[in-house]
Amino acid sequence: MQEEERGKRKRRRAPLGHDQDGRPRAVFMAFGTKGDVLPVAAIAAALARNLENYHVFLITHTTHEYLSMHMLAEKVSFVPISTPPVLSMQEHDDDDLSFSSRKVAIDERHKLECLSAVESVFEESSYLTGDFIAMNFFALAGILLNYFGFLVLLLHLMLFHTACLHHTRADLKMIFHFYLDASKMLRQASWKDVTHWMWPLFTENWGSWRSQCLRLSACPLTDPVTGLPMLHDWPQSPLLLYGFSREIVECPDYWPSSVHDCGLWFPPLKWEFSCTNCGQSAARFPSEESAMNLKLCMNHSALQNFLEEKSGTCSPIFIGLSSIGRMGFMRKPEAFLSVLKVVLENTDHRVILFSAGYEPLNNIIRRVHRESSKYEAKQKYLIEDGILLFDDKLFCFSGSIPYKWVFSRCSIAVHHGGSGSTAAALSTGIPQILCPFILDQFYWAERMSWLGVAPDPLSRSFLIPDEDDHISISQAANALIQAIRSALSDEIKTRASEVAQKISKEDGIGKALRILKESGICLAAK
């Protein structure tokens, strides 16, 4: 039955990866939010520009389909997967059973769609020398790639803003090598803790799927019949590229030669504009540096005026939490907005708030705007994706603009500690205030404080209180005001500027491409 279903899938789709001219294929799989996907897409585009003999693919969520036109311009094939990057509990009225059931269904659909996409790229009878796969940490669907006899090894030490690049070998069959053994020492990897914690994290979800659907052993690198380790056919150590700067993260001396820190990976500015006119204007600049001087289109002139207006004690403060709302952490967006109101009433600061399209927060913003006594007078400030509140001291923006462009016009970046937000603030040299919620955000929050570019991390209750009462709002506002004062100290501002100067000399994407070429992963251009 499984073979029959697989045959039906293959007949329904048109092959994507079979090139008549025999070009090798470079497949980039990247899942997650924008900060997880954009850096991988940037490397894919750079590789397509530099190695025209490759057919390059980007497999990612349909949510990021705005990238398809940019990928087309770079001659990269965009392969969408319909599953969402984030599944919000708010959409299901906090019905745990309904949410859990839907999550399981989405996970299963995700696996099948990824399988179909990879089948479309790699035909079973068309392995080519030079084919390789690149995955980020969240592209765990890459586990299915050994279905075609490829070697794919995902090795990840820290939940950083990274892409893990993996060489494929068509001569290995029916095994996904994810098992690391200390006996191989540094020649392979030799991190026993990776074996200890990495695979068990995914056995429950992936083990049964491997055995039932792909007819492989439930645990990689074991015989599917006996369950014994298959140590006689050990793969070479994979190439692992990290998208962070050595100036920011210390790289241990015990890392093997296959692991590289490249420097920060930034996508082109034109990709990050939700406004087509602004994106097209950015594309006309000869360099990324010159594009930082971009003037926004007329529809967003109010936003630019707010950022560049010379009033108050300093430039505006940026506040943005990306997908934190959709992940279920912002239960009372009205409390969040109340905190900002108290801060603005008790200081001379102005704030630009990026709502990241989170509708519950946008609804509160629109309601407060309608209830304002100056509602009619403020209609001139109501643009497609921006609203001014609280005596014109808070600009709420629901669209998307490159963080680097915005941060260069702000005094502080207050954010959740996402790797993309952190990297953008580091590169522009402004102080940061980090309020972590999950995963690597806690690492980045501690690291920025340790580097001296941010004060101590802010507790989530001091930015997004769970209650909307007077005491909770006052405590949160006072904590945020104190954090702002600390971030604006001469010591932190000087340190942020120093770090920015150091990392400005790096070319993260360029170094990633050089490593791919020098390692032999990529074939030389014809």
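Classification of Arg366 and Glu359 as a salt-bridged pair holds, one side-chain N sitting under 4.0 Å from a carboxylate O. Between Glu113 and Arg109 a salt bridge is recorded (basic side-chain N to carboxylate O distance below 4.0 Å). At a threshold of 4.0 Å, the pair Glu308-Lys295 counts as salt-bridged, since one of the basic side-chain nitrogens sits closer than that to a carboxylate oxygen.
A donor-acceptor pair under 3.5 Å is formed between the side chain of Trp265 and the backbone N or O of Gly508. One N or O on the side chain of Thr428 and one on the backbone of Ala424 form a donor-acceptor pair closer than 3.5 Å. Lys393 places a side-chain N or O within 3.5 Å of a backbone atom of Leu344 that can act as its donor or acceptor partner. For Gln432 (side chain) and Met448 (main-chain N/O), no donor-acceptor pair under 3.5 Å exists by modelled atom type. With Ser274 contributing its side chain and Gly399 its backbone, the two residues share no donor-acceptor pair below 3.5 Å. With hydrogens and angles disregarded, no donor-acceptor distance shorter than 3.5 Å links the side chain of Ser116 to the backbone of Leu112. A donor-acceptor pair under 3.5 Å is formed between the side chain of Thr62 and the backbone N or O of Ile81. Using a distance-only test at 3.5 Å, with no hydrogens or angles considered, no donor-acceptor pair links the side chain of Arg25 to the main chain of Phe132. Remark: side-chain polar atoms of Gln441 are paired, donor with acceptor, to backbone N or O of Phe437 under 3.5 angstrom. With hydrogens and angles ignored, the 3.5 Å screen pairs a side-chain donor or acceptor of His64 with a backbone N or O of Gly32.
Side-chain contact between Ser427 and Ser504 is absent, with no heavy-atom pair separated by less than 4.5 Å. Put simply, the side chain of Ile515 does not reach to within 4.5 Å of the side chain of Leu513, judged on heavy atoms. When side chains are defined from C-beta on, Leu337 counts as touching Phe390, because their heavy atoms get closer than 4.5 Å. Looking at Cys435 and Val414, their side chains never come closer than 4.5 Å, going by heavy atoms from C-beta outward.
Counting all heavy atoms, side chain and backbone alike, Pro84 lies closest to Ile106 at CD-CG2, 3.9 Å. Nearest heavy atom pair, residue Ala41 against residue Trp271, reads O-CH2, 3.6 Å.
Among Leu58, Val118, Val27, Ile59, the single residue meeting the side chain to side chain contact (heavy atoms under 4.5 Å, CB included) criterion with Val79 is Ile59. Screening Phe306, Phe354, Phe318 for a ring-ring contact (aromatic ring centres under 6.0 Å, His included) involving Phe397 leaves a single residue, Phe354.
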Practice problem: Take Lys502 and Val499 through the side chain to side chain contact (heavy atoms under 4.5 Å, CB included) test and state the conclusion after the steps. | Solution: CA-CA 5 Å; Lys502 290 181 179 179; Val499 172; 5.7 Å; no
Exercise. Give the C-alpha distance, both sets of side-chain angles, the deciding distance and a yes or no for side chain to side chain donor-acceptor pair (under 3.5 Å) between Ser287 and Ser290.
Key: CA-CA 5 Å; Ser287 67; Ser290 60; 3.1 Å; yes
Quiz item: What do the steps show when you test Lys34 against Ser400 for side chain to side chain donor-acceptor pair (under 3.5 Å), and what is the final call?
Solution: CA-CA 11 Å; Lys34 286 178 64 175; Ser400 176; 2.8 Å; yes
Practice problem: Run the numbers on Glu74 and Arg49 for salt bridge (charged side-chain N to carboxylate O under 4.0 Å, His left out), then give the verdict. | Solution: CA-CA 7 Å; Glu74 301 287 359; Arg49 287 193 302 270; 3.0 Å; yes
Practice problem: Test side chain to side chain contact (heavy atoms under 4.5 Å, CB included) on Ser68 and Met71 and set out the steps. | Solution: CA-CA 5 Å; Ser68 60; Met71 294 294 99; 5.5 Å; no
Practice problem: Please assess Cys297 against Cys275 for the test side chain to side chain contact (heavy atoms under 4.5 Å, CB included), listing each intermediate value before the final yes or no. | Solution: CA-CA 9 Å; Cys297 71; Cys275 172; 3.6 Å; yes
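Between Thr60 atom OG1 and Asn136 atom CG the span is 8.0 Å, to the nearest 0.5 Å.
The closest side-chain donor-acceptor pair between Ser355 and Asn362 falls under 3.5 angstrom. With 3.5 Å as the limit, one finds no donor-acceptor pair spanning the side chains of Ser322 and His415. Neither side chain, Ser489 nor Ser486, offers a donor N or O lying under 3.5 Å from an acceptor on the other.
The cationic group of Lys75 does not satisfy the cation-pi geometry with Tyr54, failing either the under 6.0 Å distance to the six-membered ring centre or the 45° limit from the ring axis. Cation-pi check for Arg447 over Trp450 is met; the charged atom lies under 6.0 angstrom from the ring centroid and within 45 degrees of its normal.
Ring-centre distance between Phe31 and His110: below the 6.0 Å cut-off. With ring centers used as reference points, Phe57 lies 6.0 Å or more from Phe78.
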